[in-house]
Amino acid sequence: MTTIDTTPLAASVPAGASADVDGSAPVYTPALDSSADTVVGRDARSVMERLVGLYREQTTEQAPAQWREPVRNYSDPQRWRDEIDAIHRRVPLPLALSCELPEPGSYKAIQVLDTPVLITRDAAGVVHASVNACRHRGSELVAEGVGRTNRAKRITCPYHAWSYDMAGCLVGIGGEKTFGPVDRERSGLVSLPAQERAGIIFVGLTPGRPLDLDNWLGDLEPLLEGLGLAGCHHHSTRVLPGPNWKITVDGYLEGYHFASLHPTTVYTTNLSNMAAFDSWGPHQRNAFALRTIAEAAAAPPQTWDPATCVGAIFWLFPGLAVSGGWRQSVSVSLVLPGRTPEESRTQQVILLRRPPADDEERRAADVTRDWFHDVVRDEDYSTGFGVARGLAALDGTDFVFGRNEPGVQHFHRVIDQFLDEAGTAQPGLVDPG
């Protein structure tokens with residue numbers, strides 16, 4: 001079984017400083033055929049054309065107005081419970097990548113709020129999701145992480161050896177002769193709705209509530225399919241503790257902070273405060289300008305390569321970022337709320353287009369893994385914890401999201417829409433000033 005690295009946050013690292021990153025960013029190798037006349041190819045060229053225009057004007061795409069978000073919306077316990085109930089317990093949550101469960105008999109276990117989730121792939125290759133708890137006495141069936149079952153393709157409880165097939169059906173009872181009769185049809189694992197689409201496995205936390213992925217993904221789905229995530233190789237997973245889930249997500253949705261927070265890391269490859277923004281229903285993409293766009297702006301458009309000039313981050317609401325989807329290595333971040341408003345957890349997953357062929361390729365993948373992990377932990381999340389420490393003192397005031405932060409505005413607007421549908425909205429406000 002592949003376990004998950006839960007490296008703790010280094011509390012002594014100040015915001016903006018990196019304890020482990022030496023400043024050398026990973027090498028970005030393109031995987032996108034920018035000349036291909038495909039949905040993804042046409043979209044990538046269109047995004048790059050917009051970014052080149054922004055570079056020439058030295059600006060960024062902007063929202064129509066500023067947005068004011070009450071600070072208490074981050075810390076109020078009732079607001080947090082309303083968000084969990086209206087969003088995380090109702091929408092399709094992207095909890096796994098297809099390549100984390102590459103073959104029949106493979107599984108992923110993950111804790112989501114107060115629900116331990118077990119995702120499995122059966123003999124026919126179909127994914128299932130269940131509560132990761134034995135129906136005998138509630139024991140955790142497998143530890144958090146990804147792995148493969150035994151040759152019998154069963155999940156066996158470590159407590160009393162009750163066993164289940166990959167669809168969650170009860171197929172074995174330890175000492176059944178002495179235990180007594182059990183209605184196996186009624187004693188399978190508690191099933192959760194699950195579907196696989198575009199290399200991503202979506203799970204619903206409410207049993208019996210169907211997932212409508214056609215409606216949920218909408219016009220974004222062809223672009224997700226074009227990223228080719230289903231054919232990737234799972235290289236690594238690390239877990240980072242974070243502050244309130246919305247403080248954490250806010251940092252993924254703008255590049256306004258690159259120059260100030262990441263001067264020796266992200267800012268060495270990305271321009272700051274220069275991005276193209278798109279949204280599809282609740283989802284969005286922020287396409288950041290890489291420094292190589294300066295050369296592209298002076299070159300003929302037919303020579304442009306979006307994969308080397310655009311840092312596109314697709315964000316699936318409420319918490320999955322796909323970064324580098326046009327490249328050979330892809331960083332995927334899954335942000336989930338913790339058990340209280342003050343905490344969150346992020347699974348940071350590194351995908352490769354193919355398994356490393358030798359030690360040199362393996363070391364290069366490890367450099368990418370370590371760089372993304374350390375920058376996010378020591379710079380982004382360290383700053384996020386600092387934001388969280390000031391929430392109580394700022395109660396009664398507002399945060400202001402600028403016109404140059406359309407992704408952050410969109411995220412909070414979508415949250416308000418879900419709360420409004422549930423009848424519990426306390427919305428932020430558009431500020432014309």
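Since the structure is predicted, the reported quantities are computational estimates derived from the model, not experimental observations.
Using a 4.0 Å cut-off between a side-chain N of Lys or Arg and a carboxylate O of Asp or Glu, D416 and R413 do not qualify as a salt bridge. Between E61 and R50, at least one side-chain nitrogen of the basic residue sits less than 4.0 Å from a carboxylate oxygen of the acidic one, meeting the salt-bridge criterion. A salt bridge is defined here as a Lys NZ or Arg NE, NH1 or NH2 lying under 4.0 Å from an Asp or Glu carboxylate O, and R72 with D76 fails to meet this definition. Salt bridge status for D305 with R45: absent, with no side-chain N to carboxylate O gap under 4.0 Å. Between R121 and E100 there is no salt bridge, since no side-chain nitrogen of the basic residue lies less than 4.0 Å from a carboxylate oxygen of the acidic one. The pair R377-D370 does not meet the salt-bridge criterion, since no charged nitrogen lies less than 4.0 angstrom from a carboxylate oxygen. Ion pairing of D114 with R339 is absent here, as no side-chain N (NZ or NE/NH1/NH2) approaches a carboxylate O to less than 4.0 Å. For E421 and R90, the salt-bridge test fails: no basic side-chain N is under 4.0 Å from an acidic carboxylate O. D214 has a carboxylate O that lies under 4.0 Å from a charged side-chain N of R197, or vice versa, which qualifies the two as a salt bridge. A salt bridge links R369 to D366: one of the charged nitrogens lies within less than 4.0 Å of a carboxylate oxygen.
Counting only distance, with no hydrogens or angles, the side chain of Q284 and the backbone of F277 share no donor-acceptor pair below 3.5 Å. Proximity of a side-chain donor or acceptor of E225 to a complementary backbone N or O of E221 within less than 3.5 Å is not detected. Judged purely by atom type and a 3.5 angstrom limit, K108 has no side-chain atom pairing as donor or acceptor with the backbone of V117. With Q328 contributing its side chain and P30 its backbone, the two residues share a donor-acceptor pair below 3.5 Å. Without hydrogens or angle criteria, N132 side chain to V142 main chain gives a donor-acceptor distance under 3.5 Å. Distance alone, capped at 3.5 Å, is enough to place a donor-acceptor pair between the T120 side chain and the M166 backbone. Between the side chain of S272 and the backbone N or O of G255, at least one donor-acceptor pair lies under 3.5 Å. Looking at T206, its side chain never comes within 3.5 Å of a backbone N or O of R209 through a donor-acceptor pair. In this structure a side-chain-to-backbone donor-acceptor pair under 3.5 Å is missing from H235 to L352. A donor-acceptor pair under 3.5 Å is absent between the side-chain atoms of S75 and the main chain of L391, judged by distance alone.
Residues Y55 and M274 are in side-chain contact: their nearest non-hydrogen atoms beyond the backbone lie under 4.5 Å apart. Between L101 and I201, some side-chain heavy-atom pair lies under the 4.5 Å cut-off. A heavy-atom distance below 4.5 Å is not found between the side chains of V330 and L227. Counting only heavy atoms from C-beta outward, the side chains of V190 and P207 approach each other to under 4.5 Å. Side-chain contact between P243 and R389: absent, with no pair of heavy atoms (C-beta onward) separated by less than 4.5 Å. Inter-residue side-chain proximity for L118 and V131 is flagged as unmet; no heavy-atom pair is nearer than 4.5 Å. W304 has its side chain within reach of V52: a pair of non-hydrogen atoms, C-beta onward, lies under 4.5 Å apart. By the 4.5 Å heavy-atom criterion applied to side chains, F411 and V249 are counted as neighbours.
Closest non-hydrogen pair, V40 versus L223, comes out as CG2-O, 4.0 Å. Contact record, A422 with A86: CB-CB, 4.0 Å, taken as the closest heavy-atom pair. Taking each heavy atom of W80 and G338 in turn, the nearest pair found is CZ2-O, 3.4 Å. Across all non-hydrogen atoms, the minimal contact from G105 to K153 is CA-CD, 3.5 Å. Taking each heavy atom of V47 and A276 in turn, the nearest pair found is CG1-CB, 4.5 Å. Across all their heavy atoms, P70 and R68 have their closest contact at CD-O, 3.9 Å.
Atom CG in N404 sits 4.5 Å away from atom CG in N273 (nearest 0.5 Å). We find the CZ-NE2 distance between F401 and H410 to be 13.5 Å, quoted to the nearest 0.5 Å. Atoms CG and SG, on L189 and C134 in that order, are 7.5 Å from each other to the nearest 0.5 Å. One distance of note links NE2 of H373 with OG of S331; it measures 11.0 Å at 0.5 Å rounding. Note that the CZ atom of R345 and the OG1 atom of T248 stand 12.5 Å from one another [nearest 0.5 Å]. Put simply, CD1 on I313 and CD on E254 are 10.5 Å apart, with the number rounded to the nearest 0.5 Å.
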Problem - Derivation and outcome, side-chain contact (heavy atoms from CB on, under 4.5 Å), residues D82 and I84 - result: CA-CA 5 Å; D82 291 341; I84 298 306; over 6 Å; no
Exercise for the section: Take I200 and L320, measure what side-chain contact (heavy atoms from CB on, under 4.5 Å) needs, and give me the verdict at the end. Expected result: CA-CA 10 Å; I200 301 168; L320 188 78; 4.1 Å; yes
Practice task
Could you walk me through whether Y164 and L141 pass side-chain contact (heavy atoms from CB on, under 4.5 Å), step by step?
Solution key: CA-CA 10 Å; Y164 305 84; L141 296 168; 4.1 Å; yes
Practice task
Apply the test side-chain contact (heavy atoms from CB on, under 4.5 Å) to residues H257 and E405: give CA-CA distance (whole Å), side-chain angles for both, the deciding distance (0.1 Å), then the verdict.
Solution key: CA-CA 10 Å; H257 68 278; E405 301 176 290; over 6 Å; no
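Other residues, nucleotides and ligands contribute over 12 non-hydrogen atoms within 6.0 Å of the CG atom of D358. Counting non-hydrogen atoms of neighbouring residues, nucleotides and ligands closer than 6.0 angstrom, the CD atom of E49 reaches no more than 12 such neighbours. Counting heavy atoms of neighbouring residues, nucleotides and ligands inside a 6.0 Å radius, atom CD of E103 exceeds 12 of them.
Judged by distance alone, the side chains of E379 and T265 do bring a donor and an acceptor atom under 3.5 Å apart. Counted by atom type alone, S130 and S191 present zero donor-acceptor pairs between their side chains at under 3.5 Å. Counting only N and O atoms by type, the side chains of N270 and H262 include no donor and acceptor under 3.5 Å apart. For the residue pair E57 / T59, no side-chain donor-acceptor distance below 3.5 Å is found, with atom types taken as modelled. Side-chain polar atoms of E83 and W245 form a donor-acceptor pair below 3.5 angstrom. Counted by atom type alone, W67 and E69 present one or more donor-acceptor pairs between their side chains at under 3.5 Å. One side chain, Y74 or D250, offers a donor N or O that lies under 3.5 Å from an acceptor on the other. Inspection of the S98 and E196 side chains reveals an N or O donor paired with an N or O acceptor under 3.5 Å. Residues H412 and Q409 bring no donor and acceptor atom of their side chains to less than 3.5 Å of each other.
When each of W280, F418, F202, Y252 is paired with F317, the ring-ring contact (aromatic ring centres under 6.0 Å, His included) condition holds for F418 and for no other.
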Just distance, no hydrogens or angles: give the donor-acceptor pairs under 3.5 Å from side chains in residues 289-301, sequence neighbours left out.
from: R291; atom 1: NE; to: Y267; atom 2: O; distance (Å): 2.8
from: R291; atom 1: NH2; to: Y267; atom 2: O; distance (Å): 3.0
from: T292; atom 1: OG1; to: T308; atom 2: O; distance (Å): 2.4

